[in-house]
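Everything on this sheet refers to the single structure shown next.
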Amino acid sequence: MLWLIGSTGMLGREFSHRLSKEGIPFVGTGSDVNIADAEKLDAFINKTESASYYASRDVKKDNKIDWIINCAAYTAVDKAEDEAEKAYRANCTGALNIARTARSHGAKLIHISTDYVFDGSSGIPYTEDAPKSPINVYGKTKAESEDLIAQSMTQYYIIRTSWLYGFTGRNFVYTMTRAMNERESVGVVNDQKGTPTFCGDLAAAAVKLIKKETSATSLFGKKSAAPYGIYHFSNSGEATWFDFACAIYDFGKKYGRIGHECAVRPCSSDEYKTKAARPAYSVLDCTKIETALGIKIPSWRASLERFIKSGRFES
Ligand SMILES: NC(=O)c1ccc[n+]([C@@H]2O[C@H](COP(=O)([O-])OP(=O)(O)OC[C@H]3O[C@@H](n4cnc5c(N)ncnc54)[C@H](OP(=O)(O)O)[C@@H]3O)[C@@H](O)[C@H]2O)c1
């Protein structure tokens, strides 16, 4: 049995979708089980594990939690500048509590982290071992969450990702689509580079990581499992927010999501000031996970087109 923490969030919902599609049994929690409160986590896992269910008429199964996926986090990047303590509690205390719970129950962990652990001064894609140097409160708490997990357990995968969008929740694709349907022009930052990433692609890769580990453990004594540690996952290629917005407009028009003429205008970060500083360049090098899983990650444009075309698109 798998425990999906943060199942009510944008990425968590996409994980739920993926796990259900693959027939993987799981339980999901949102802020109803506060990760900053170790006792709440313990109480939940103890209650879940002590229950058993009938998988079929006469096969009784235990609810032993053998994997935890943590999608829960304080994710309001700008608000975190004023709410550092709150962000720290969810992202650091929360991650530490989850790692301790996982270790004491013999469960393995997938924890989601971010490209914002880097400062953006690199001109080339960041590899997993590039030095972390976050430039905002959110990034600092996420960077520390990684260290806390690594100090607390060994059987973990930390997956750093970037610029997520998914079918539910607030995200750049929905925000832009709405704005482009209402306004004559939108100004979008053209001096920050990263990679837009579809939550569904990330969830699929993470589930592959779990399946590979699980089958390697039971069949071949772990030989073919991806080594535990940090991995990067984003769609391939790179874009500025302006490039991303232009692609949203083009695909939005193509698939009838935008029925209105709107000019997409590039602007600088100085023109569009935010409370938290953002890295100017946060492209992730994803070679390690591609090699470990034997996959080729789709380009951000191809995934964005599939997303906008999909019947699950809600805006
Ligand atoms: N969004 C991005 O662009 C992006 C980029 C890179 C990395 N990430 C990382 O990806 C992960 C998922 O992000 P997301 O965008 O899906 O986040 P999200 O939509 O904001 O969802 C956050 C989830 O965390 C839960 N949560 C928050 N505080 C909690 C607490 N104290 N105890 C228990 N649950 C709590 C929320 O529960 P409720 O719904 O009940 O409040 C929700 O399920 C995060 O680790 C984030 O740092 C995101």
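Computation of the quantities below employed the complete heavy-atom set of this structure, encompassing side-chain atoms and omitting hydrogens, waters and symmetry-equivalent molecules. For the single chain, residues carry numbers from 1 onward in sequence order. Read the numbers this way: they start at 1 and go in the same order the structure lists the ligands and their atoms.
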Polar contacts were defined as any N/O atom of the residue lying under 3.5 Å from an N/O atom of the ligand; does this apply to Thr75 and ligand 1? yes
Working to the nearest 0.5 Å, report the span between SG of Cys71 and CD of Glu14. 10.5 Å
Hey, is ligand 1 close enough to Ile35 that some N/O pair sits below 3.5 Å? yes
Sub-4.0 Å atoms of ligand 1 with respect to non-hydrogen atoms of Ser113: 7 (C)
Identify, for atom 43 (O) of ligand 1, the protein heavy atom at the shortest distance, and state residue, atom and that distance. Thr8 OG1, 2.7 Å
Among all protein heavy atoms, pick out the one at the shortest distance from atom 29 (C) of ligand 1; state its residue, atom name and that distance to 0.1 Å. Ser31 CB, 4.3 Å
Can you tell me the protein heavy atom closest to atom 12 (C) of ligand 1 and the distance? Cys71 O, 3.3 Å
Look at atom 3 (O) of ligand 1 and say which protein heavy atom is nearest, naming residue and atom and giving the distance to 0.1 Å. Leu164 N, 3.0 Å
Could you list which atoms of ligand 1 come closer than 4.0 Å to a heavy atom of Gly9? 19 (O), 21 (O), 42 (C), 43 (O)
Between His111, Met10, Arg170, flag the one that comes closest to atom 15 (O) of ligand 1 by a heavy atom. Met10
Closest approach of Lys40 to Val33 (non-hydrogen atoms, all atoms of both residues): O-CG1, 3.8 Å
Is the closest heavy-atom distance from Gly169 to ligand 1 below 4.0 Å? no
The protein heavy atom nearest to atom 5 (C) of ligand 1 is Trp163 N, 3.9 Å
Centroid separation under 6.0 Å, is that true for the rings of Phe167 and Phe313? no
Side chain, backbone, both or neither: which part of Tyr138 has a heavy atom under 4.0 Å from ligand 1? side chain
Heavy-atom nearest neighbour of atom 30 (C) of ligand 1 within options Ile98, Asn34, Ile159: Asn34
Rounded at 0.5 Å granularity, tell me how far CG in Leu209 sits from NZ in Lys212. 9.0 Å
Would you say the ring centers of Phe198 and Trp300 fall short of 6.0 Å from each other? no
Of all the non-hydrogen atoms in the protein, which one sits nearest to atom 26 (N) of ligand 1, and at what distance? Ala72 CB, 4.0 Å
Validation row, ring centre Phe172 to ring centre Trp163 under 6.0 Å: no
Atoms in ligand 1 with a heavy atom of Gly6 nearer than 4.0 Å: 43 (O)
For Leu11, is at least one N or O under 3.5 Å away from an N or O on ligand 1? yes
Output the list of atoms in ligand 1 that are nearer than 4.0 Å to some heavy atom of Lys142, sorted by atom number. 44 (C), 45 (O), 46 (C), 47 (O)
Report, in ascending order of atom number, the atoms of ligand 1 lying under 4.0 Å from any heavy atom of Val33. 32 (N), 33 (C)
The single option from Glu238, Gln192, Lys193 passing side chain to side chain donor-acceptor pair (under 3.5 Å) against Tyr281: Glu238
May I ask you to decide whether Glu144 forms a salt bridge with Lys132, counting only side-chain N to carboxylate O separations under 4.0 Å? no
Would you call the rings of Phe307 and Tyr174 parallel, tilted or perpendicular, taking 30° and 60° as the class edges? tilted
Parallel, tilted or perpendicular: which fits the ring planes of Phe118 and Tyr126, with parallel below 30° and perpendicular above 60°? parallel
From CA spacing to verdict: ring-ring contact (aromatic ring centres under 6.0 Å, His included), Trp67, Phe26: CA-CA 9 Å; Trp67 280 93; Phe26 71 100; over 10 Å; no
Is the ring centre of Tyr74 less than 6.0 Å from the ring centre of Tyr138? no
Kindly indicate whether a cation-pi arrangement holds for Lys288 with Tyr231, taking the cut-offs as under 6.0 Å to the six-membered ring centre and within 45° of the axis. yes
Residue portion contacting ligand 1 (non-hydrogen atoms closer than 4.0 Å) for Asn91: neither
Polar-atom distance check: Ala73 versus ligand 1, any N or O pair below 3.5 Å? yes
Could you check atom 10 (O) of ligand 1 against the protein and tell me its nearest heavy-atom contact, residue, atom and distance included? Ile112 CG2, 3.3 Å
Could you tell me whether some N/O pair between Thr161 and ligand 1 is separated by less than 3.5 angstrom? no
